[in-house]
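Shown next, in structure tokens, is the structure this report addresses.
These values consider heavy atoms only, across backbone and side chains, with no hydrogens, waters or symmetry-generated copies. All chains are named by letter (A, B, ...) in the order of the sequence lines, taking the proteins before the strands, and each is independently numbered beginning at 1.
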4 protein chains.
Amino acid sequence: MPKGNKEDTIRNILKAAEELFSEKGFNGTSVNMISDKAGVNKALIYYYFKDKDDIVNSLFENIIHESDEYVSGSSSALNHEVIPLQDSIREEMNFLQEKQKILSIMLMESLKGDDSHNYFFKCAQKVIESEIEANISSDPQEFQRLLVHEFFTGFVPIMSFIIFKDKWCKYFDCDTDQFISNFLDSFSNTHLSSKKPGS
Amino acid sequence: MPKGNKEDTIRNILKAAEELFSEKGFNGTSVNMISDKAGVNKALIYYYFKDKDDIVNSLFENIIHESDEYVSGSSSALNHEVIPLQDSIREEMNFLQEKQKILSIMLMESLKGDDSHNYFFKCAQKVIESEIEANISSDPQEFQRLLVHEFFTGFVPIMSFIIFKDKWCKYFDCDTDQFISNFLDSFSNTHLSSKKPGS
Amino acid sequence: MPKGNKEDTIRNILKAAEELFSEKGFNGTSVNMISDKAGVNKALIYYYFKDKDDIVNSLFENIIHESDEYVSGSSSALNHEVIPLQDSIREEMNFLQEKQKILSIMLMESLKGDDSHNYFFKCAQKVIESEIEANISSDPQEFQRLLVHEFFTGFVPIMSFIIFKDKWCKYFDCDTDQFISNFLDSFSNTHLSSKKPGS
Amino acid sequence: MPKGNKEDTIRNILKAAEELFSEKGFNGTSVNMISDKAGVNKALIYYYFKDKDDIVNSLFENIIHESDEYVSGSSSALNHEVIPLQDSIREEMNFLQEKQKILSIMLMESLKGDDSHNYFFKCAQKVIESEIEANISSDPQEFQRLLVHEFFTGFVPIMSFIIFKDKWCKYFDCDTDQFISNFLDSFSNTHLSSKKPGS
DNA sequence: GATGAATGAGAATTCATTCAT
DNA sequence: CATGAATGAATTCTCATTCAT
């Protein structure tokens, strides 16, 4: 345990937590495991984080923040220039790929019935709103329709794809590249080629 | 503690477990909570179930079994008779609606990185295979394509819809019926109207 | 650890807690110490008591309850028959002597600034009210005077005497009997021979 | 963190500790709380104080020292000049009032059964001896009598009065001035008007 | 002096599981 | 079948104390 600086320590903790939470779930992961994996003293975790919840929340806040940056950074390119759709999707997926584990945790926690976490919705809302703000209609009914459409036939499939990719290829024992291309085909033939509600 | 018979006791336990697991997750639920909610003595749970895992697995086996029955019971009707698609979808959804909580648990557990549970895939596989067995092609490549297509643009959206329905309406504060109809529209315009790979 | 019955186990826990709390204070005593001293499994303590606080409170409730019984049981004798005052005081002290440790804990906790425990006042109030109810005057001012008088020149000296007896004799290295008789003399010459306010 | 000088820092620490110890007890107060409240770095506390114990002890030594000064400064006036007793009592009380919190801590700690602290006795001894040294008799028996008398009917009631004043008025919801005057009346009618043992 | 970071030990509380009846 | 009692191992979190700069 080299006396790394604050930033490093926190990064290590978050990295270990991310890995473990996505592997065993939030409640299935003990702070002990995290400190062990991060190579830091357990009490130090409580020096930097109020409690265990604070760790996940930190993870979630981080991804929300990074997504914001990504969205605002790419929005100009994405929406105004003429970039082939599949290309931009692929790029987006690369971005999401890195966040795979956190997204997985986010989904797990959002599935719980208590209202503790709804980051999954929060996140979806952000992404979708940023994407449809161009052709936004002031009609709230219409907006709801679009939201539902984007969420269930766009956001959710993509997220599942990201989250389940590895597990899928393992379970069905198939080639990753082939799998990706299959998914993109299907996605193109459904969500991407569908006429949006209200358009 | 009404001395119900064996069946009743087990049913109570499973019902309580289902509710709690879906509310707090498997690891977030203690056996104590289950026995309390089920109104049975804690030790009795261990009389009927080997351990806590045995409870979830029982839940999963049950749903797999019921799905089997549902699928084989309806397959003739679904595929060979001329039933409007949306109608059959609605019927299927009613069936799934009852299983909402177990499906939620199944998804949560399947998201974990360790290979403890892949009931979600197992279940998807069953459903999808039963649906495509008619126009099944012997080409494994083709089969993979279909599988991916059905899973990510069919199964996953529907499951998410079932699982997130209540949470969605609560979070976005919207009317349930409107929401359902919105979803069905979108689903019709994407998955249902897409040309299947290989066809 | 003979599998004693419930009553015994609880008694053991409370006895151990009483001893330890009075020896080291509430916060200075760990539940581990209690379970060790009581010879029971630590988790068993949490089977019978909600938390550590519940243990002290149980101790306090017990003594309040026993005091009630003592007061109501002796009130007839104490107030209506002609018993020499010093005798009744001595008897009362024997009763209190047994409760020495709990009284000590009660005082300690009541000294804390937060309003968590005011059993010391509650207890005093009970005792004093029972003692003055005979010559109670309906004048609240007068009642306050009596209360103050009884508390600070009666209740407090006696309590201190009970609580500090052993420590005093140890610290000043003096004979217990002599000490007791000295105290009783002084108490007779002050509180007992004073004219009560309002009389 | 104003870089105050050494004296200031120590004063701040002690002040914070005094407040917290009296509020939550010694064991209920963490060094963190103290450093927070004092507005100094936690490690700095360990620069000025050997350990946590050293803080309380410092508090106790201080009050012992101040009491010494007070006693020796006022002794001539108190005992030899003709000052009305109640006046001198009132003055003494003003002095004690400021020390209320430390006295409270002192009492709490002295109540513990282990012999860690007997500052309460030490303090009482000092005060009482200074008060009776005039009419001290060489007879040790007599001295014991006087000590007991002064302690239980003089020192203890006064201390309790000081320590419980605020809590009393809060609990019984009564006027402070009225309370003080009630106490002084009672105290005059008991301790102050009693014939001292041996006189 | 002063400080942020670090740590080992221990505290309170909970859990899954078992036992004896 | 059913149950109250019991238990060992964890789990979350805190504490007093120290180190390096």
Side-chain angles (χ1 to χ4, degrees), chain A residues 1-10 27-35 39-55, chain B residues 1-6 8-10 27-35 39-55, chain C residues 1-10 27-35 39-55, chain D residues 1-6 9-10 27-35 40-55:
Chain A
M1 319 103 197
K3 298 231 171 187
N5 60 342
K6 182 174 166 165
E7 311 272 288
D8 277 356
T9 305
I10 292 184
N27 286 299
T29 303
S30 78
V31 178
N32 252 314
M33 293 174 188
I34 300 176
S35 66
V40 307
N41 183 282
K42 196 198 340 178
L44 195 53
I45 292 187
Y46 287 93
Y47 182 70
Y48 288 116
F49 299 91
K50 192 185 156 304
D51 53 21
K52 208 181 148 193
D53 268 297
D54 197 25
I55 303 177
Chain B
M1 319 105 198
K3 301 226 174 188
N5 58 344
K6 187 172 160 167
D8 276 356
T9 305
I10 292 185
N27 286 298
T29 302
S30 76
V31 177
N32 248 313
M33 292 174 189
I34 299 175
S35 66
V40 308
N41 182 279
K42 196 189 355 174
L44 196 55
I45 291 186
Y46 285 90
Y47 181 76
Y48 287 117
F49 298 92
K50 187 183 159 302
D51 54 20
K52 205 181 149 194
D53 271 296
D54 196 25
I55 303 176
Chain C
M1 317 106 194
K3 299 230 170 186
N5 61 341
K6 182 174 166 165
E7 311 272 288
D8 277 356
T9 305
I10 292 184
N27 286 300
T29 303
S30 78
V31 178
N32 251 313
M33 292 174 188
I34 298 175
S35 65
V40 306
N41 183 282
K42 199 198 336 179
L44 194 53
I45 291 186
Y46 286 92
Y47 181 71
Y48 287 117
F49 298 92
K50 191 185 156 304
D51 54 20
K52 209 180 146 193
D53 268 296
D54 197 25
I55 305 176
Chain D
M1 319 106 196
K3 303 226 172 187
N5 58 346
K6 186 173 160 166
T9 305
I10 293 184
N27 285 298
T29 302
S30 75
V31 177
N32 247 315
M33 293 174 187
I34 299 175
S35 65
V40 307
N41 182 280
K42 195 188 356 173
L44 196 54
I45 292 187
Y46 285 89
Y47 181 77
Y48 287 117
F49 297 91
K50 187 183 160 302
D51 54 19
K52 206 180 149 194
D53 272 295
D54 197 25
I55 303 176

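In plain terms, the two heavy atoms of D:Gly28 and D:Met33 that are nearest each other are O-CE, 3.8 Å. Of all non-hydrogen atoms in A:Asn32 and A:Lys42, the two that sit nearest each other are OD1-CE, 3.6 Å.
Going from atom CG of C:Asp8 over to atom C1' of F:dA5 covers 13 Å, rounded to whole Å. A:Asn32 has its CG atom 18 Å from the P atom of E:dT14, to the nearest Å. To the nearest angstrom, C1' of E:dA2 lies 14 Å from CG of D:Asn5. Note: CD1 (D:Ile45) to C1' (E:dG4) measures 15 Å, nearest angstrom. If you measure from atom CD1 of A:Ile55 to atom P of F:dT11, you get 14 Å, rounded to the nearest angstrom. With rounding to whole Å, C:Lys6 atom NZ is found 12 Å from F:dT3 atom C1'. For the pair C:Phe49 CZ and E:dA12 P, the computed distance is 15 Å after rounding to whole Å.
Taking a pair as Watson-Crick or G-U wobble with both distances under 3.5 Å, the runs of three or more consecutive pairs in DNA chain E are E:2-21 with F:2-21.
Nucleic acid contact class of B:Thr29 (heavy atoms, under 4.0 Å, all strands): sugar-phosphate only. Among the protein residues, D:Tyr48 comes within range of the sugar-phosphate backbone only, with heavy atoms under 4.0 Å from sugar or phosphate atoms but none that close to a base.
With sequence neighbours excluded, the residues satisfying side-chain contact (heavy atoms from CB on, under 4.5 Å) with B:Phe49 are B:Ile10, B:Ile13, B:Leu14, B:Ile45, B:Asp54, B:Ile55, B:Ser58.
A donor N or O paired with an acceptor N or O is found under 3.5 Å between the base of E:dG8 and the side-chain atoms of A:Asn41. Residue side chain B:Lys42 reaches the base of E:dT17 through a donor-acceptor N/O pair under 3.5 Å, judged by distance alone. Side-chain N/O atoms of A:Lys52 and base N/O atoms of F:dT11 include no donor-acceptor pair closer than 3.5 Å.
Side-chain contact between D:Tyr46 and D:Val31 is present, with at least one heavy-atom pair separated by less than 4.5 Å.
Contact annotation: C:Thr9 reaches the phosphate of F:dA6 (side-chain N/O to OP1 or OP2, under 4.0 Å). For the pair B:Tyr46 and E:dT18, the criterion of a side-chain N or O lying under 4.0 Å from OP1 or OP2 is not met.
When each of F:dG4, F:dA2, E:dG8 is scored by its nearest atom to the side-chain atoms of B:Leu44, the top-ranked nucleotide is F:dA2. Nearest to the side chain of A:Val31, among F:dT12, F:dC19, E:dT18, sits F:dT12. Here the nucleotide nearest the side chain of A:Tyr47, chosen from F:dA6, E:dA5, F:dA5, is E:dA5.
Heavy-atom distances to DNA chain F give each of A:Asp53 and D:Asn27 a nearest nucleotide, and the one nearer the 5′ end belongs to A:Asp53. Looking at which nucleotide of DNA chain E each of C:Ser30 and B:Asp51 is closest to, the 5′-most match is held by C:Ser30.
Atom CG of A:Asn41 is separated from atom OG1 of A:Thr9 by 11.0 Å, given to the nearest 0.5 angstrom.
The closest donor-acceptor contact from the side chain of A:Lys6 to the backbone of A:Tyr48 lies at 3.5 Å or more, if one exists at all.
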